[in-house]
Amino acid sequence: MLAKNIGGFDKIVRIVIGALLILGAILGYGVWMWIGVVPLATGLLGSCPLYQLVGLNTCPLKK
């Protein structure tokens with residue numbers, strides 16, 4: 001399993017954008033809007049493989 005590397009605000013933004021894109025796809029605004037599955041999944045899982053590749057981490061540090 002991938003390590004958690006997405007913080008709270010980043011997670012909320014990803015979930016909202018992903019849900020809106022998927023809603024647009026369902027409503028017929030374009031097949032390309034199904035790309036919303038990616039930010040939705042990474043937001044729900046709390047882990048982004050791209051962040052891991054480039055060394056980013058928006059998750060707050062544990063004390």
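Just so it is clear, the values below take in all heavy atoms, side chains as well, and ignore hydrogens, waters and symmetry mates. All figures in this text were calculated on a predicted structure; none of them were measured in a lab.
- If you chain together hydrophobic residues whose side chains sit under 4.5 Å apart, I22 and V31 fall into the same group.
- The minimum heavy-atom distance between P60 and G7, with the atom names listed, is CD-CA, 4.2 Å.
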Applying side-chain contact (heavy atoms from CB on, under 4.5 Å) to F9 and T58, what does each step give before you reach the verdict? CA-CA 9 Å; F9 180 73; T58 60; over 6 Å; no
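- Pairs engaging residues 44-58 under the salt bridge (charged side-chain N to carboxylate O under 4.0 Å, His left out) rule: none recorded [sequence neighbours left out].
- Closest approach of Y29 and W32 over heavy atoms only: O-NE1, 4.0 Å.
- Every residue meeting the side-chain contact (heavy atoms from CB on, under 4.5 Å) condition with I17, not counting sequence neighbours, appears here in chain and number order: V13, L21.
- For residues 17-42, the set of pairs meeting the salt bridge (charged side-chain N to carboxylate O under 4.0 Å, His left out) definition, not counting sequence neighbours, is empty.
- When hydrophobic side chains of Ile, Leu, Val, Met, Phe, Trp and Tyr are connected at separations under 4.5 Å, V16 ends up clustered with I12, L20.
- Through direct or indirect side-chain contacts shorter than 4.5 Å among Ile, Leu, Val, Met, Phe, Trp and Tyr, L53 is connected to no other residue.
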I'd like a table of donor-acceptor pairs (distance under 3.5 Å, sequence neighbours excluded) in which one partner is a side-chain atom from residues 34-49, with atom names and distances.
residue, atom, partner, partner atom, Å
T42, OG1, R14, NH1, 2.9
T42, OG1, V38, O, 3.1
T42, OG1, P39, O, 3.1
S47, OG, A3, O, 3.0

